[in-house]
Amino acid sequence: MKKNILIVSAHPEPTSLTRQLVDVTVETLGAAGHEILQSELYGMKWKAVFDADDFPVRTNPDRLSFIMESGHAYVTGNQTPDVVAEQAKLLAADAVILQFPLWWYGVPAILKGWIERVYAFGFAYGYQNGTNEFRFGDGILKGKRALVNVQAGGPVADYGPRGINAPIEQLLFPLTHGALFYPGMDVLPTHAVYSAGHVSTAEEVEAIKAGWRARLAGLFTDAPIPFRAQNGGDFPDRHTMADDVAPGQTGIVAHVAEKLRFVDAVAGDAAAIASVVNGAYRANGAVEGWTNERGLLDGPRIGEAGVRALIARERILLLRRLTDGAISGCINIAIDDDGAWHTSMLAVAPDEQTAGIGKLIKQEVERQAAAAGAPRMRMEVIRQREALIAWHRRRGYELTGETLAFPYDDPSVGHPLRPDLELVVMEKQLNSTVG
Ligand SMILES: Cc1cc2nc3c(=O)[nH]c(=O)nc-3n(C[C@H](O)[C@H](O)[C@H](O)COP(=O)(O)O)c2cc1C
């Protein structure tokens with residue numbers, strides 16, 4: 001169905017990655033038959049500063065009270081025309097997409113100024129009666145979707161769960177929770193591109209564009225970040241969470257009602273997946289998980305390009321942590337000629353091992369396979385990994401007796417450390433729910 005999409009973008013350079021991705025948004029959603037509204041803030045020479053010029057007709061000429069003048073200008077029709085136009089675009093939109101580079105941990109000033117000026121009192125806050133009755137899940141923009149696309153200069157590691165910058169989903173909480181969820185929008189998980197200043201080859205740019213297109217495909221179907229709504233029962237006095245809600249949790253983490261979610265990886269996840277997989281299979285530090293191949297192989301288990309190829313050719317299922325966007329674990333899925341779901345590269349982030357995540361991922365894949373009518377699950381394990389074979393046997397997998405030669409000539413799986421590696425095939429029969 002045709003929808004109206006508002007793209008608000010903030011990058012002064014037309015050849016920048018951000019602006020290239022704005023072009024992708026316009027092309028992709030336009031080709032899907034949607035109506036595109038654009039606010040390209042630098043091109044519009046948007047006035048970024050919220051000041052006395054925003055109120056040509058004042059109720060109090062002596063002292064500038066922003067909230068009072070904003071509410072007055074809004075109800076009396078005395079707002080500046082640029083603000084009125086942006087409010088009309090927001091009201092017309094079914095989805096709002098914000099695209100910008102990360103500048104000092106947040107949005108560029110011009111975009112901050114767009115929010116400050118367009119979000120008038122009576123419109124985005126103080127809605128209906130001014131008592132804060134309608135906010136955080138309720139408000140004038142309720143029912144609309146919001147999606148943030150940010151380009152960050154720092155590498156993905158800087159934004160990991162223990163990264164030096166902190167996770168992007170937490171840094172952008174003032175935008176996602178404060179500016180988008182506050183007036184009622186459903187906010188999708190942020191789409192971040194890391195190392196954005198070091199993208200050099202055409203292949204890298206194409207992979208980034210493919211990752212963004214995949215996110216755009218889910219604009220009206222992906223599940224939003226499960227922020228707790230003010231009026232959903234979690235905040236009985238509209239201010240503080242009830243004692244029995246998220247007990248023991250504080251800060252941003254407590255605001256996200258559901259902590260983990262299964263999602264299909266898109267190309268933009270490749271770097272983060274490679275980091276989780278290599279951490280799990282090659283952990284050399286204190287944490288030695290059950291997916292570790294120490295003594296058998298070393299060198300990276302897979303590179304970012306290898307992950308991207310798998311995402312394009314097959315499918316990688318992720319268990320995403322919604323509190324910070326980190327990947328708790330992943331598994332690669334291919335479908336064999338006999339319909340069996342063939343899994344590989346099961347990995348759990350090293351700092352989350354022993355919490356039952358591997359089991360959770362296996363259960364979810366088997367549930368999906370059964371629902372899709374697959375007759376059985378199949379996988380290969382290195383024969384020498386006896387503990388891992390035992391782990392799978394406890395979960396209903398049997399050795400088929402079939403063995404495969406280890407791919408000694410394929411450098412992409414790592415460097416073998418012994419000459420006798422061999423793969424054994426394991427299968428589990430499924431009671432498919434589809435006949
Ligand atoms: C003023 C300014 C502030 C920046 N702050 C950050 C920052 O806080 N974190 C970060 O990872 N990168 C930061 N960067 C790097 C930009 O995010 C990076 O250059 C940009 O995303 C590259 O993409 P582009 O081609 O779309 O400009 C900053 C860049 C500028 C110019």
Side-chain angles (χ1 to χ4, degrees), residues 6-29 36 38-50 96-116 146-180 188-216 252 266-275 304 308 324-327:
L6 171 60
I7 307 166
V8 184
S9 61
H11 200 301
E13 171 51 46
T15 64
S16 63
L17 195 55
T18 296
R19 290 280 291 276
Q20 291 188 58
L21 293 181
V22 172
D23 293 344
V24 169
T25 315
V26 174
E27 285 158 22
T28 308
L29 297 177
I36 310 292
Q38 276 217 63
S39 295
E40 198 268 279
L41 299 181
Y42 282 96
M44 292 160 70
K45 298 212 174 300
W46 178 259
K47 172 177 174 285
V49 181
F50 192 29
V96 179
I97 300 176
L98 304 183
Q99 300 193 253
F100 55 89
L102 189 71
W103 281 2
W104 291 111
Y105 272 49
V107 297
I110 199 167
L111 178 52
K112 183 66 172 23
W114 181 86
I115 297 167
E116 289 172 14
L147 173 58
V148 172
N149 161 229
V150 62
Q151 279 55 250
V156 66
D158 287 5
Y159 295 91
R162 289 163 60 80
I164 192 158
N165 286 350
I168 201 87
E169 207 68 274
Q170 297 185 352
L171 299 183
L172 293 182
F173 185 77
L175 178 67
T176 54
H177 188 266
L180 300 172
L188 300 184
T190 295
H191 183 74
V193 175
Y194 300 104
S195 299
H198 303 281
V199 181
S200 46
T201 66
E203 290 76 39
E204 284 172 325
V205 173
E206 204 29 65
I208 289 168
K209 288 181 175 177
W212 177 232
R213 278 189 207 101
R215 284 303 307 274
L216 289 171
I252 292 173
V266 298
D269 295 315
I273 293 172
S275 149
E304 186 180 336
R308 272 206 299 269
D324 59 9
I327 294 170

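For clarity, every value in this text was computed on a predicted model and none was experimentally measured. Just so you know, ligand 1 is whichever comes first in the structure, and atom 1 is the first atom listed for that ligand.
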Report the nearest protein non-hydrogen atom to [atom]: residue, atom name, distance rounded to 0.1 Å.
| atom | answer |
| --- | --- |
| atom 22 (C) of ligand 1 | Ala196 CB, 3.8 Å |
| atom 21 (O) of ligand 1 | Gln151 O, 2.9 Å |
| atom 9 (N) of ligand 1 | Tyr159 OH, 3.1 Å |
| atom 12 (N) of ligand 1 | Gly153 N, 3.1 Å |

Give the atoms of ligand 1, by number and element, whose distance to some non-hydrogen atom of [X] is under 4.0 Å.
| X | value |
| --- | --- |
| Thr18 | 26 (O) |
| Ser16 | 24 (P), 25 (O), 26 (O) |
| Leu17 | 24 (P), 25 (O), 26 (O) |
| His11 | 24 (P), 26 (O), 27 (O) |

Worksheet item: Do the side chain of Glu304 and the main chain of Ala274 share a donor and acceptor less than 3.5 angstrom apart?
Response: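 No: the side chain of Glu304 does not pair with the backbone of Ala274.
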
Worksheet entry | Presence of salt bridge, Glu40 and Arg19, under 4.0 angstrom |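 A salt bridge links Arg19 with Glu40.
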
Discussion item. Between Glu116 and Lys47, does any NZ, NE, NH1 or NH2 come within less than 4.0 Å of an OD or OE carboxylate oxygen?
Written reply: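 Answer for the salt bridge query: no.
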
Fill in: Under-4.0 Å heavy-atom contact between protein and atom 14 (N) of ligand 1
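So far as the 4.0 Å threshold goes, atom 14 (N) of ligand 1 is in reach of a protein heavy atom.
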
Fill in: Non-hydrogen side-chain atoms of Ile36 and Thr25 separated by less than 4.5 Å
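The answer is no; the side chains never approach within 4.5 Å.
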
Worksheet item: Looking at ligand 1, does any of its N/O atoms fall within less than 3.5 Å of an N/O of Trp104?
Response: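 Indeed, backbone or side chain, Trp104 has an N or O that close.
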
Practice prompt. Give yes or no for whether the N/O distance cutoff of 3.5 Å, strictly under, is met between Leu102 and ligand 1.
Written response: yes

Practice prompt. Please report the C-alpha distance between Val22 and Gln38 in whole Å, then the side-chain angles of each, then the deciding distance to 0.1 Å, and finally whether the side-chain contact (heavy atoms from CB on, under 4.5 Å) criterion is met.
Written response: CA-CA 10 Å; Val22 172; Gln38 276 217 63; 3.8 Å; yes

Practice prompt. Please lay out, stage by stage, how Gln99 and Thr18 fare under the test side chain to side chain donor-acceptor pair (under 3.5 Å).
Written response: CA-CA 7 Å; Gln99 300 193 253; Thr18 296; over 6 Å; no

Worksheet item: Which of these, Trp103, Tyr194, Tyr105, has its nearest heavy atom closest to atom 29 (C) of ligand 1?
Response: Trp103

Worksheet entry | Crowding at NZ, Lys209 (>12 non-hydrogen neighbours, <6.0 Å) |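 It does: Lys209 NZ has more than 12 such atoms within range.
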
Discussion item. Val8 vs Trp46, test: side-chain contact (heavy atoms from CB on, under 4.5 Å). Steps then yes/no.
Written reply: CA-CA 11 Å; Val8 184; Trp46 178 259; over 6 Å; no

